[in-house]
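Single-structure report; data block below.
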Amino acid sequence: AKEQGRNQMLFFEKRMNASAMRRLLLPNYLRRAVERQEFEVYYQPKQRLSDLEIYGMEALIRWRSPDLGWVPPSEFVAVAEELGLIHEIGTWVLRTACAKAREWQREGCRSMSVSVNLSGKQFQQQDLDATIAAVLEETELPPERLELELTESSVMLHPEESALALQRLKKLGVSVSVDDFGTGFSSLNYLSVFPLDTLKIDKSFVQAMTNDAKNAVLVEAIIDLGHKLGLAIVAEGVETPEQREMLSSYGCDCIQGYILSPPVDAASFKERYLRQG
Ligand code: C2E
Ligand code: CA
Ligand code: CA
Ligand code: CA
């Protein structure tokens with residue numbers, strides 16, 4: 001048993017070293033990834049529950065590093081923010097996603113909205129609306145087809161500035177959704193003050209819902225609250241029919257999650273969801 005414990009210790013140390021090493025090297029690899037264009041945009045479908053229509057897609061960045069393999073956004077987006085690389089990367093995602101949506105529209109594919117995640121740092125950028133306006137003009141994507149996803153925490157960091165920034169974004173004709181709703185610890189009054197369109201219920205609620213009655217109550221209450229404020233509700237992280245049925249019975253508008261599909265590359269998305277129609 002002593003021997004086994006020792007082996008486990010060694011194993012643990014090795015893993016610690018590997019992950020510490022990775023964190024140490026990440027900034028350099030990330031800078032190089034920007035230069036070498038190692039990123040790709042994947043798309044995940046969103047479905048309306050009333051008619052089961054796939055009405056939109058969320059753009060999610062993917063990084064395949066030749067040295068580190070796949071690095072998830074949860075690992076590198078924060079680093080990109082620290083290094084000041086997020087503006088370049090974020091604008092690239094925006095341009096790529098808008099161009100793809102426009103390309104599919106031109107090809108006569110059925111109408112789809114595209115959602116793009118904005119990090120807190122991007123949202124704080126003074127000329128964000130100008131950047132977005134430029135991308136819309138360049139790609140010729142109709143603004144009503146673009147949705148921006150912002151987390152509660154990035155909106156609530158500087159509420160007054162955020163209100164103004166959101167107004168500028170809304171003037172462009174795009175819509176705005178609150179991502180990961182329920183995970184922040186902010187007061188709720190911003191929901192009635194800010195010009196928002198959609199609440200995305202965080203997947204932690206959706207996943208706790210089916211085996212925890214109190215969580216189910218919370219989800220139902222969030223849906224009612226959102227609706228009373230005139231917001232559409234999207235539940236994210238929906239994996240099982242049971243979760244979908246429950247959300248449907250609560251009046252949730254739309255779902256997103258592995259039950260439909262994980263995020264996939266553009267070619268696969270087109271093949272599966274955009275053939276004619
Ligand atoms: P998010 O915006 O909340 O995106 C949803 C995440 O949940 C995605 O992870 C997606 O792959 C995952 N997901 C989707 N359906 C399911 C499901 O049914 N079950 C489970 N367990 N997970 C599901 P991903 O792609 O790893 O992204 C993680 C986060 O990284 C995103 O969370 C978002 O905050 C950030 N992110 C991703 N792409 C971008 C980007 O282009 N720009 C910025 N600023 N952030 C991004
Ligand atoms: Ca999102
Ligand atoms: Ca989310
Ligand atoms: Ca999330």
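Excluded from the calculations below are hydrogen atoms, water molecules and symmetry mates; all remaining heavy atoms, backbone and side chain alike, are included. The first residue of the sequence shown is numbered 1, and numbering continues consecutively from there. Order of appearance sets the numbers: ligands from 1, and atoms from 1 within every ligand.
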Which bit of Glu236 is near ligand 1, meaning a heavy atom under 4.0 Å away: side chain, backbone, both or neither?
->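 Contact part for Glu236 vs ligand 1: side chain (C-beta onward).
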
Considering only heavy atoms, does Asn117 approach ligand 1 within less than 4.0 Å through its side chain, its backbone, both, or neither?
->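 The answer is both.
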
Pick from Glu239, Gln256, Lys121, Lys203: the one approaching atom 6 (C) of ligand 1 most closely through a non-hydrogen atom =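 Closest candidate by heavy-atom distance is Lys203.
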
Proximal candidate to atom 8 (C) of ligand 1 [heavy atom criterion; set Leu60, Val41, Asp202, Thr183] |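 When every heavy atom of Leu60, Val41, Asp202, Thr183 is considered, Leu60 comes closest to atom 8 (C) of ligand 1.
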
Are any non-hydrogen side-chain atoms of Glu271 and Val264 less than 4.5 angstrom apart?
->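 Answer no - side chains too far apart.
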
Below 4.0 angstrom from a heavy atom of [X], which ligand 1 atoms are there? Numbered from 1 as shown, please.
| X | answer |
| --- | --- |
| Asp179 | 1 (P), 2 (O), 3 (O) |
| Asp180 | 3 (O) |
| Glu58 | 2 (O), 4 (O) |
| Ser119 | 44 (N) |
| Gln44 | 14 (C), 15 (N) |

Non-hydrogen atoms of [X] versus ligand 1: any pair closer than 4.0 Å?
| X | result |
| --- | --- |
| Gly237 | yes |
| Gln207 | yes |
| Pro263 | yes |

Before accepting this row, confirm whether a basic side-chain N of the pair Glu38/Arg64 lies closer than 4.0 Å to the acidic partner's carboxylate O.
->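 Here Glu38 does not pair with Arg64 in a salt bridge, since their nearest N and O are not under 4.0 Å apart.
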
Quick check: does any side chain N or O of [X] sit under 3.5 Å from a backbone N or O of [Y], one acting as donor and the other as acceptor?
| X | Y | value |
| --- | --- | --- |
| Arg110 | Tyr273 | yes |
| Glu144 | Gly173 | no |
| Gln243 | Thr240 | yes |
| Asp253 | Ala232 | no |
| Ser162 | Val155 | yes |

Working for salt bridge (Lys or Arg N to Asp or Glu O under 4.0 Å), residues Glu140 and Arg106 | CA-CA 10 Å; Glu140 298 181 333; Arg106 277 221 177 82; 2.4 Å; yes

Check Thr210 against Met246 and note the closest heavy-atom contact, atom names and distance.
->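 For Thr210 versus Met246, the nearest heavy atoms are CG2-SD, 3.6 Å.
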
Under the salt bridge (charged side-chain N to carboxylate O under 4.0 Å, His left out) test, which residues partner Glu245, sequence neighbours left out?
->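 Not a single residue meets the salt bridge (charged side-chain N to carboxylate O under 4.0 Å, His left out) criterion with Glu245.
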
Qualifying residues under salt bridge (charged side-chain N to carboxylate O under 4.0 Å, His left out), relative to Glu103, sequence neighbours excluded |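 Partners of Glu103 under the salt bridge (charged side-chain N to carboxylate O under 4.0 Å, His left out) test: Lys100.
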
Please check if the distance between the ring centroids of Trp63 and Tyr29 is under 6.0 Å.
->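 They do not qualify: ring centres at least 6.0 Å apart.
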
Answer yes or no: does an N/O atom from [X] fall short of 3.5 Å to an N/O atom of ligand 1?
| X | answer |
| --- | --- |
| Ile86 | no |
| Ser74 | no |
| Arg62 | yes |

Can you list the protein N, O or S atoms less than 3.0 Å from the Ca ion (ligand 2)?
->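 Counting only protein N, O or S atoms under 3.0 Å from the Ca ion (ligand 2), the list reads Glu58 OE2, Asn117 OD1, Glu149 OE1, Asp179 OD2.
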
Please write out which residues are connected to Tyr42 in a hydrophobic cluster, directly or through intermediates, given that two of Ile, Leu, Val, Met, Phe, Trp, Tyr count as joined at side-chain heavy-atom separations below 4.5 angstrom.
->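 Trp70, which link up through side-chain heavy atoms under 4.5 Å apart, make up the rest of the cluster.
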
